[in-house]
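Below you'll find the structure, written out as structure tokens, and then a few comments.
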Amino acid sequence: MTTNAPCAVILAAGKSTRMKSRLPKALHPIAGRPMLGHVLSTVEALGGARPVLVVGPGMDDVSGYARGLVPGLTIAVQEKQLGTGDAVRAAAPHIGEKQDVVLLVFGDTPLVRRETLADMARRCEEGSDIVVLGFEAADPTGYGRLVLDGNEVVRIVEHKDATDEERKNRLCFGGPMAVRTAHLPGLLAMLTNDNAQGEFYMTDMVAHGRAAGLACGAVFCPEADIQGVNSRADLAAAEASMQQRLRAAAMAGGVTLLDPATTYLSFDTMFGQDVTVGQNVVFGPGCSIADGVTIKAFSHLEGARIDEGAEIGPFARIRPGSEIGRKARIGNFVETKKAKIEDGAKVNHLSYIGDARVGAGANIGAGTITCNYDGYNKFFTDIGAGAFVGSNSSLVAPVRIGDGAYLGSGSVVTKDVAANALAVARAKQVEKPGWAAAFHAKHKDKKKVSGE
């Protein structure tokens with residue numbers, strides 16, 4: 001790592017043209033987080049690196065998102081889409097002289113690792129004036145090629161400008177570069193748009209630097225770490241790579257994934273040890289899973305905390321604001337939302353518990369619904385410890401069920417129930433002897449008359 005943290009210029013002016021999307025490219029999500037969020041997090045992990053974000057005109061949504069993560073973030077606007085070199089020029093006035101190294105990274109490379117960027121900055125500080133990130137491509141089509149002379153990079157040739165022989169080269173440019181701050185203004189001034197695209201390429205700084213006698217080196221990384229996103233297919237590929245990385249980290253940390261390929265994690269999913277996750281489970285952002293939790297197949301969790309030893313699913317939906325206590329059980333086809341299910345409570349099947357508390361040890365019968373919304377406002381249901389709610393009950397909030405209370409099955413509860421009381425709220429059953437036989441006979445006679 002550098003002794004003087006670098007300045008990091010993040011290029012994020014892409015308009016999602018090839019993705020055919022109104023959403024700016026950098027805001028398309030990977031593992032529940034916009035790609036730009038991953039890059040900003042990686043830069044922040046360098047420790048003290050001052051970021052400058054380059055956006056296009058009118059990209060207030062990108063700027064707003066970034067400043068939500070990094071308050072006071074410096075924003076530079078690239079007025080015209082004239083290439084990566086032009087984007088760096090837009091950032092240049094905002095680069096402080098105190099940083100010895102400038103890192104140039106892209107907002108659509110969410111898998112680049114902190115260690116890789118740190119190595120580039122270190123190499124630049126310790127000897128090379130320019131350091132580029134390279135990789136060996138399985139299919140180099142479309143990538144700029146690294147032309148080497150020993151360990152030195154001679155130049156980077158864009159695919160469209162490469163000769164047939166140069167296109168056979170599988171050593172490719174990954175995007176990020178590290179440049180000594182003192183050399184950057186002069187290198188930017190040398191850039192021209194004399195190329196097939198009519199754009200200013202930041203990659204041309206390598207050839208200009210070599211001509212000026214600067215040392216140009218390279219750091220290499222696996223291709224999966226630097227894959228960019230220019231299409232929906234690229235987005236899917238990056239998601240797959242990120243999921244593979246997150247799954248590997250989870251299993252290394254003590255989580256059993258019964259079918260890793262069908263477990264989908266979020267960038268911030270937190271696991272304790274000895275967690276078991278079944279097949280086809282999805283974790284949205286904001287999930288914290290404690291030790292010894294079992295999450296069964298086909299469950300979906302988001303914005304939830306699951307405490308030690310709890311059991312979830314199968315086919316459970318745990319929505320934001322849910323807190324599931326120690327050794328609590330949430331069963332099949334149960335949905336919770338903004339609900340606190342306390343230690344040892346059970347909601348085993350076919351229920352909706354929203355805007356509610358279920359006390360410790362309480363039992364919620366099948367088909368129970370907390371009626372929390374009147375079309376305009378949400379209301380709270382409080383179910384006490386040890387309470388028993390019979391199957392197919394509707395609790396019309398706001399309502400409180402006291403500790404140890406018992407609700408008869410099929411009840412529609414609109415008033416508070418005292419602790420340890422029995423409440424039955426349903427119509428009285430009426431029976432008419434012989435009615436069914438007469439009813440059937442009547443309809444059989446009608447069929448005979450009509451000839452059916």
ask   = About how many Å separate OG1 of Thr294 and CG of Asp274, when rounded to the nearest 0.5 Å?
value = 10.0 Å

inquiry  = Is there a side chain to side chain contact (heavy atoms under 4.5 Å, CB included) between Val179 and Val101? Walk through the geometry before answering.
reply    = CA-CA 6 Å; Val179 183; Val101 174; over 6 Å; no

Cation-pi, Phe380 ring and Arg400 (6.0 angstrom, 45 degrees) = no

Beyond-backbone contact of Tyr352 with Thr370, side-chain heavy atoms, under 4.5 angstrom = yes

ask   = With a cut-off of 6.0 Å (strictly less than), are more than 12 heavy atoms of other residues, nucleotides or ligands near CZ of Phe220?
value = yes

ask   = Can you tell me if Ser299 uses its side chain to pair, donor with acceptor, with the backbone of Pro314 under 3.5 Å?
value = no

key: 4.5 Å side-chain heavy-atom contact, Asn420 and Asp403   = no

task = Pick out which of Val413, Asp374, Val412 makes a side-chain contact (heavy atoms from CB on, under 4.5 Å) with Val396.
result = Val412

inquiry  = Using only atom types and a distance under 3.5 Å, with no angle test, would you say the side chain of Tyr201 pairs donor to acceptor with the backbone of Thr203?
reply    = no

ask   = For Asn377, does the CG atom sit with more than 12 other heavy atoms under 6.0 Å from it, leaving out its own atoms?
value = yes

Stepwise side chain to side chain contact (heavy atoms under 4.5 Å, CB included) check, Met35 with Val39 = CA-CA 7 Å; Met35 289 188 286; Val39 177; 5.7 Å; no

message = Donor-acceptor pair, distance only, cut-off 3.5 Å: does the side chain of Asn348 make one with the backbone of Gly331?
response = no

note = Heavy atoms of Gly408 and Ser393 approach each other most closely as O-OG, 3.6 Å

ask   = Is the ring centre of Phe135 less than 6.0 Å from the ring centre of Tyr143?
value = yes

request  = Please name all residues satisfying ring pair (Phe, Tyr, Trp, His ring centres under 6.0 Å) with Phe333, sequence neighbours left out, ordered by chain then number.
outcome  = Phe315

ask   = Would you find a donor on one side and an acceptor on the other, under 3.5 Å apart, between the side chain of Arg247 and the backbone of Pro260?
value = yes

inquiry  = A side-chain contact here means heavy atoms from C-beta on lying under 4.5 Å apart; do Val277 and Val275 qualify?
reply    = yes

Arg145/Glu166 ion pair, N-O < 4.0 Å = no

key: Side-chain (Glu152) to main-chain (Asp149) donor-acceptor, under 3.5 angstrom   = no

ask   = Less than 4.5 Å apart, any side-chain heavy atom of Leu258 and any of Thr276?
value = yes

inquiry  = With a 3.5 Å distance limit and no angle check, can you tell me whether Arg170 reaches the backbone of Glu136 through a side-chain donor-acceptor pair?
reply    = no

Spatial distance of atom NE2 (His349) from atom OG1 (Thr368) [nearest 0.5 Å] = 9.0 Å

message = Looking at Arg326 and Asp307, is there a salt bridge between them, counting it only when a charged N and a carboxylate O are closer than 4.0 Å?
response = no

query = Near Gln81 CD, under 6.0 Å, is it more than 12 heavy atoms from other residues, nucleotides or ligands?
reply = yes

query = Any side-chain donor paired with an acceptor under 3.5 Å for Ser21 and His28?
reply = yes

inquiry  = Which label fits Phe267 and His38: parallel for a plane angle under 30°, tilted from 30 to 60°, or perpendicular past 60°?
reply    = perpendicular

Could you pull out every donor-acceptor pair under 3.5 Å between side chains of residues 103-112 and any protein atom, sequence neighbours left out?
unit_1, atom_1, unit_2, atom_2, d
Asp108, OD2, Lys25, NZ, 2.9
Thr109, OG1, Phe106, O, 2.9

message = Go through it in stages, so that I can follow the logic: the residues are Leu133 and Ile226, the test is side chain to side chain contact (heavy atoms under 4.5 Å, CB included), and I'd like the CA-CA distance, side-chain angles, deciding distance and then a yes or no.
response = CA-CA 9 Å; Leu133 182 59; Ile226 200 58; 3.6 Å; yes

inquiry  = I'd like to check Phe283 versus Leu265 (side-chain heavy atoms, cut-off strictly below 4.5 Å). Are they in contact?
reply    = yes

Closest approach of Leu69 to Gly37 (non-hydrogen atoms, all atoms of both residues) = CD1-CA, 3.8 Å

query = Just wondering, do Val43 and Ile10 contact through their side chains at under 4.5 Å, heavy atoms?
reply = yes

query = Is the backbone of Gln273 close enough, under 3.5 Å, to the side chain of Asp291 for a donor and an acceptor to pair up by distance?
reply = yes

Donor-acceptor pairs are to be reported for all side-chain atoms of residues 44-65 against protein atoms at under 3.5 Å, with residues two or more places apart or in another chain.
unit_1, atom_1, unit_2, atom_2, d
Arg50, NH1, His94, O, 3.3
Arg50, NH2, His94, O, 2.6
Ser63, OG, Met59, O, 3.4

query = Roughly how far, to the nearest 0.5 Å, is the CZ atom of Arg113 from the CG atom of Asp225?
reply = 4.5 Å

query = Can you name the nearest heavy-atom pair linking Gly284 to Cys287, along with the distance?
reply = O-SG, 3.6 Å

request  = Given salt bridge (Lys or Arg N to Asp or Glu O under 4.0 Å), test Arg319 with Glu302 step by step and report yes or no.
outcome  = CA-CA 5 Å; Arg319 292 172 57 193; Glu302 182 176 0; over 6 Å; no

query = So does Glu311 pair up with Lys296, basic N to acidic O under 4.0 Å?
reply = yes

ask   = In terms of side-chain geometry, is the basic nitrogen of Lys337 or Asp355 positioned less than 4.0 Å from the acidic oxygen of its partner?
value = yes

query = Between Asn280 and Asp259, is any pair of side-chain heavy atoms under 4.5 Å apart?
reply = no

key: Under 3.5 Å donor-acceptor, Glu308 side chain and Lys327 backbone   = no

message = Whether Lys168 and Glu165 form a salt bridge (side-chain N of Lys/Arg under 4.0 Å from carboxylate O of Asp/Glu) is what I want to check.
response = yes

request  = Return the minimal non-hydrogen interatomic distance between Ala418 and Ala405, and the atom names on each side.
outcome  = O-CB, 3.5 Å

message = One pair to check against side chain to side chain contact (heavy atoms under 4.5 Å, CB included): Leu395 and Ile369. What are the steps and the verdict?
response = CA-CA 6 Å; Leu395 310 182; Ile369 302 295; over 6 Å; no

query = To the nearest 0.5 Å, how far apart are CZ in Arg67 and CG in Leu73?
reply = 6.0 Å

inquiry  = Can a side-chain donor-acceptor contact be found between Gln227 and Glu223 if the only test is distance below 3.5 angstrom?
reply    = no

task = For residues Thr269 and Leu246, determine if any side-chain heavy atom of one lies less than 4.5 Å from a side-chain heavy atom of the other.
result = no

task = Kindly say whether Ala218 contributes a backbone atom to a donor-acceptor pair with the side chain of Arg123 at under 3.5 angstrom?
result = yes

task = With side chain to side chain donor-acceptor pair (under 3.5 Å) as the test, would you mind laying out the steps for Asp86 and Gln78 before giving the verdict?
result = CA-CA 7 Å; Asp86 182 65; Gln78 183 185 11; 3.1 Å; yes

Atom pair CD1 (Ile353) and OG1 (Thr381), whose distance is rounded to the nearest 0.5 Å = 8.0 Å

message = Please find the pair of heavy atoms, one from Ser351 and one from Gly367, that lie closest to each other, and give the distance.
response = OG-N, 3.5 Å

key: Euclidean distance, Ser266 OG relative to Leu301 CG, rounded to 0.5 Å   = 11.5 Å

remark   = All heavy atoms of Ile341 vs all of Ala328, minimum pair found to be CG2-CB, 4.3 Å

key: Main-chain N/O of Glu125 paired to Arg180 side chain as donor or acceptor, under 3.5 Å   = yes

